[in-house]
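The shown structure was predicted, so the numbers you read here are calculated from the model rather than taken from an experiment. Side chains are part of it too, since the values below use all heavy atoms of this structure and drop only hydrogens, waters and symmetry mates.
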Amino acid sequence: MVTWAPLPFDDEDALVSLAARCLAADGGLPLAADPAFLRRRWQAPGTTTIQGRDHDGRLVAAGAARPTPATGGVTFCGLVDPDVRGRGIGSHLLTWGLDQDQPVTVETESLTGPAQELFAARGLRQIFAEDVMRIDLADGVPDAAWPAGTQLAAWSEAHAPRFHDVYTAAFRDRPGFPGWTADEWISDLTEDDDFRPLWSVLATLPDLGDAGFVSAAVDWIVQVGVVPAARGRGLGGALVAEALRRMRADGATHAWLDVNVDNPAVRLYRKLGFEHRGRRARYQLR
């Protein structure tokens with residue numbers, strides 16, 4: 001028996017515990033149980049929430065619909081304790097989430113098979129999906145050969161615009177490319193306290209100039225880009241391996257990344273030793 005109440009979330013410990021139980025069962029984005037991450041989704045200004053508790057008062061289900069100015073609607077996310085699944089609780093949460101009288105995007109950081117089936121049954125279509133991958137660095141870093149003549153430069157204030165130029169050349173043709181200015185993109189990276197300049201590397205080739213980059217943060221490969229003319233030479237793999245070497249030298253024991261399910265780079269990451277640890281996704285009504 002679950003008792004539902006549309007109440008603000010003031011019991012952060014209970015929400016973090018619920019998110020951690022879901023993450024342990026489902027995999028997915030490791031930040032999904034981080035208190036700051038959850039606050040941005042359950043306590044953002046204008047957010048409406050619902051919570052379900054069992055007969056002992058334990059939080060076993062939670063949902064939040066937060067304003068999303070970019071879409072002119074709201075984004076819904078929900079959590080159901082693994083111990084109480086299969087009882088229609090997820091369906092109840094989704095019904096609440098979709099009944100918002102405005103366009104709804106449904107997001108999950110830990111997509112499961114049953115959730116996919118539920119979303120499809122409700123007429124939702126997937127508009128975004130990324131695989132979450134992890135590599136253990138305890139036994140070393142995979143080898144990856146550099147193209148002949150490659151020169152490297154670590155991130156610095158002076159080099160940052162060059163990183164942005166490569167980022168733009170590498171990603172401008174991809175769907176959803178945001179077209180950020182250099183100032184916007186650089187700020188987005190450097191304002192993250194976990195960003196590590198010395199792990200973030202720009203690669204220059206003799207015949208092309210600046211040709212690829214990798215950016216990294218604590219426990220994360222944030223982004224890897226190679227300009228079209230330099231692809232097929234192994235540069236992307238060498239950049240990732242270089243970042244991992246630098247991370248490990250500074251004491252890191254593992255690293256994560258996420259990659260779009262349509263991105264062929266997923267094969268490269270598997271070859272380097274990254275393992276699938278879940279999937280995150282977003283859905284909208286057809």
Side-chain angles (χ1 to χ4, degrees), residues 1-69 71-130 132 277-286:
M1 178 72 177
V2 174
T3 302
W4 296 95
L7 299 174
F9 271 95
D10 53 11
D11 188 351
E12 183 174 288
D13 289 344
L15 184 62
V16 171
S17 178
L18 172 61
R21 297 194 299 274
C22 292
L23 182 63
D26 306 330
L29 189 72
L31 293 174
D34 177 76
F37 183 93
L38 292 167
R39 278 185 222 114
R40 290 193 293 271
R41 281 152 178 75
W42 263 265
Q43 298 177 356
T47 298
T48 58
T49 63
I50 188 172
Q51 53 184 288
R53 294 182 179 268
D54 64 14
H55 63 279
D56 292 323
R58 189 176 72 139
L59 183 69
V60 294
R66 69 182 186 277
T68 314
T71 63
V74 298
T75 298
F76 164 76
C77 52
L79 298 169
V80 179
D81 191 306
D83 289 341
V84 300
R85 292 176 184 173
R87 307 179 192 179
I89 295 173
S91 180
H92 181 88
L93 267 182
L94 184 59
T95 297
W96 178 89
L98 294 176
D99 189 21
Q100 298 295 316
D101 296 325
Q102 53 189 310
V104 177
T105 298
V106 176
E107 72 177 2
T108 173
E109 306 301 342
S110 302
L111 184 64
T112 65
Q116 285 182 291
E117 293 175 5
L118 176 60
F119 296 157
R122 295 298 184 88
L124 292 161
R125 64 180 178 87
Q126 190 177 94
I127 60 169
F128 164 85
E130 284 185 336
V132 179
R277 290 300 180 90
R279 180 168 290 184
R280 54 197 301 259
R282 290 196 288 270
Y283 289 78
Q284 290 178 346
L285 288 171
R286 300 179 190 278

Can you confirm whether [X] sits close enough to [Y] that some side-chain heavy atom of one is under 4.5 Å from a side-chain heavy atom of the other?
X	Y	answer
Gln100	Thr48	yes
Ser110	Leu23	yes
Arg280	Phe128	yes
Ile50	Phe9	no
Phe76	Glu107	no
Leu15	Leu79	yes
Val104	Val106	yes

* To do: May I ask you to say whether Asp83 pairs ionically with Arg21, meaning some side-chain N is under 4.0 Å from a carboxylate O?
  =>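 Here Asp83 does not pair with Arg21 in a salt bridge, since their nearest N and O are not under 4.0 Å apart.
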* Assess the side chains of Thr105 and Gln284: does a donor N or O sit below 3.5 Å from an acceptor N or O? =>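 There is such a pair (donor and acceptor under 3.5 Å, judged by atom type) between the side chains of Thr105 and Gln284.
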* To do: Indicate whether the side chain of Arg122 and that of Ser91 have a donor and an acceptor atom separated by less than 3.5 Å.
  =>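 The criterion, which ignores hydrogens and geometry beyond distance, is satisfied for Ser91 and Arg122.
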* **Those residues that, when tested against Thr112, pass side-chain contact (heavy atoms from CB on, under 4.5 Å) (two or more places apart)** =>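 Partners of Thr112 by the side-chain contact (heavy atoms from CB on, under 4.5 Å) criterion, ordered by chain and then number, come out as Asp26, Pro114, Ala115.
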* Residue pair Val60, Val80: steps toward the side-chain contact (heavy atoms from CB on, under 4.5 Å) verdict -> CA-CA 6 Å; Val60 294; Val80 179; over 6 Å; no
* To do: Could you tell me whether the side chain of Arg282 and the main chain of Thr108 form a donor-acceptor pair under 3.5 Å?
  =>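 No, Arg282 side chain to Thr108 backbone: no donor-acceptor pair under 3.5 Å.
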* Under 3.5 Å, side chain of Thr75 to main-chain N/O of Thr68, donor-acceptor pair present? ->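 Such a contact is absent between Thr75 side chain and Thr68 backbone.
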* Asked: When you measure from the centre of the six-membered ring of Phe37, is the NZ or CZ of Arg39 under 6.0 Å away and within 45° of the axis?
  ->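 No - Arg39 does not lie over the ring of Phe37 by the 6.0 Å and 45° rule.
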